[in-house]
Amino acid sequence: IILNDSFRYTLYCNICRSLFEKHKTLFSFLLCMRGLLAAEEEEFADYRFLLTGGVSLEDPPPKPAEWVPERCWGELFRLSKIHERYDGFHFKFSEQ
């Protein structure tokens, strides 16, 4: 485990030297998610949702408030469709 951590950190440092600052966060996210997926600590459906925003053929219900952007509300609705642990997440959000 220590060797893997050391290798991952060295890889991160060496690659980040050649990246623009705005791309370092994305690379960090990808490296972290790939590590979590390899260790089976994260599900691929969640990873895919974070990359794409999800896909749904259904239209989301009406927004609960004007301040919620359409895109955000649509993504919260699609999140509730990818796994049962997120069921009704958009309703819980609107109740808050």
Side-chain angles (χ1 to χ4, degrees):
I1 292 182
I2 295 172
L3 183 60
N4 282 340
D5 293 342
S6 177
F7 175 76
R8 192 175 298 127
Y9 180 70
T10 304
L11 176 75
Y12 171 79
C13 289
N14 287 328
I15 290 179
C16 280
R17 288 189 321 191
S18 64
L19 293 176
F20 290 114
E21 200 62 37
K22 66 182 182 179
H23 298 132
K24 289 180 184 179
T25 306
L26 179 59
F27 176 68
S28 298
F29 167 74
L30 292 173
L31 188 64
C32 178
M33 285 302 293
R34 285 306 200 171
L36 291 173
L37 288 169
E40 297 180 354
E41 294 178 20
E42 189 60 61
E43 292 187 24
F44 194 78
D46 294 339
Y47 175 63
R48 189 176 332 114
F49 177 82
L50 289 171
L51 290 178
T52 65
V55 176
S56 176
L57 300 176
E58 298 177 53
D59 289 330
K63 294 188 311 182
E66 275 304 308
W67 61 266
V68 179
E70 285 288 336
R71 182 175 176 208
C72 177
W73 184 245
E75 288 179 0
L76 287 173
F77 174 72
R78 287 188 293 277
L79 177 65
S80 69
K81 299 293 181 187
I82 65 168
H83 195 278
E84 67 230 11
R85 73 172 162 250
Y86 301 121
D87 279 347
F89 184 79
H90 60 294
F91 291 125
K92 294 173 188 169
F93 176 84
S94 65
E95 292 171 0
Q96 300 290 322

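For this chain, numbers begin at 1 and follow the sequence in order.
- At most 12 non-hydrogen atoms from other residues, nucleotides or ligands lie less than 6.0 angstrom from CZ of Phe91.
- Of the inter-residue distances, the one linking Lys92 atom NZ with Glu95 atom CD reads 8.5 Å to the nearest 0.5 angstrom.
- Cluster membership check: Phe44 shares its hydrophobic cluster with Leu51, using side-chain heavy-atom separations under 4.5 Å among Ile, Leu, Val, Met, Phe, Trp and Tyr.
- Interatomic distance, Tyr12 OH to Cys32 SG, rounded to the nearest 0.5 Å: 11.0 Å.
- Using a 4.5 Å heavy-atom cutoff, the side chains of Leu30 and Met33 are not in contact.
- Under the 4.5 Å side-chain heavy-atom criterion for Ile, Leu, Val, Met, Phe, Trp and Tyr, Tyr86 and Leu76 are members of the same hydrophobic cluster.
- Counting heavy atoms from C-beta outward, Leu31 and Leu11 have side chains that approach closer than 4.5 Å.
- Leu36 and Phe27 fall into different hydrophobic clusters, defined by Ile, Leu, Val, Met, Phe, Trp and Tyr side-chain heavy atoms under 4.5 Å apart, directly or through other members.
- Tracing side-chain contacts under 4.5 Å through hydrophobic residues (I, L, V, M, F, W, Y), one reaches Leu26 starting from Tyr47; they form part of the same cluster.
- In terms of modelled atom types and a separation under 3.5 Å, the side chain of Trp73 and the main chain of Ala65 share no donor-acceptor contact.
- No continuous path of hydrophobic side-chain contacts links Leu50 to Ile82 [ILVMFWY only; heavy atoms under 4.5 Å].
- Residues Leu79 and Phe89 approach most closely at CD2-CD2, 3.7 Å, considering heavy atoms.
- Once rounded to the nearest 0.5 Å, the distance linking OG1 of Thr10 with CD1 of Ile15 reads 11.0 Å.
- The list of salt bridge (Lys or Arg N to Asp or Glu O under 4.0 Å) pairs with a residue in residues 12-23, not counting sequence neighbours, reads Glu21-Lys24.
- In this view, Arg85 and Glu43, Asp46 satisfy the side-chain hydrogen bond (donor to acceptor under 3.5 Å, both in side chains) rule, not counting sequence neighbours.
- Atom OH of Tyr9 has 12 or fewer neighbouring heavy atoms from other residues, nucleotides or ligands inside a 6.0 Å radius.
- Taking 4.5 Å as the limit, every side-chain heavy atom of Pro60 sits out of range of all side-chain heavy atoms of His90.
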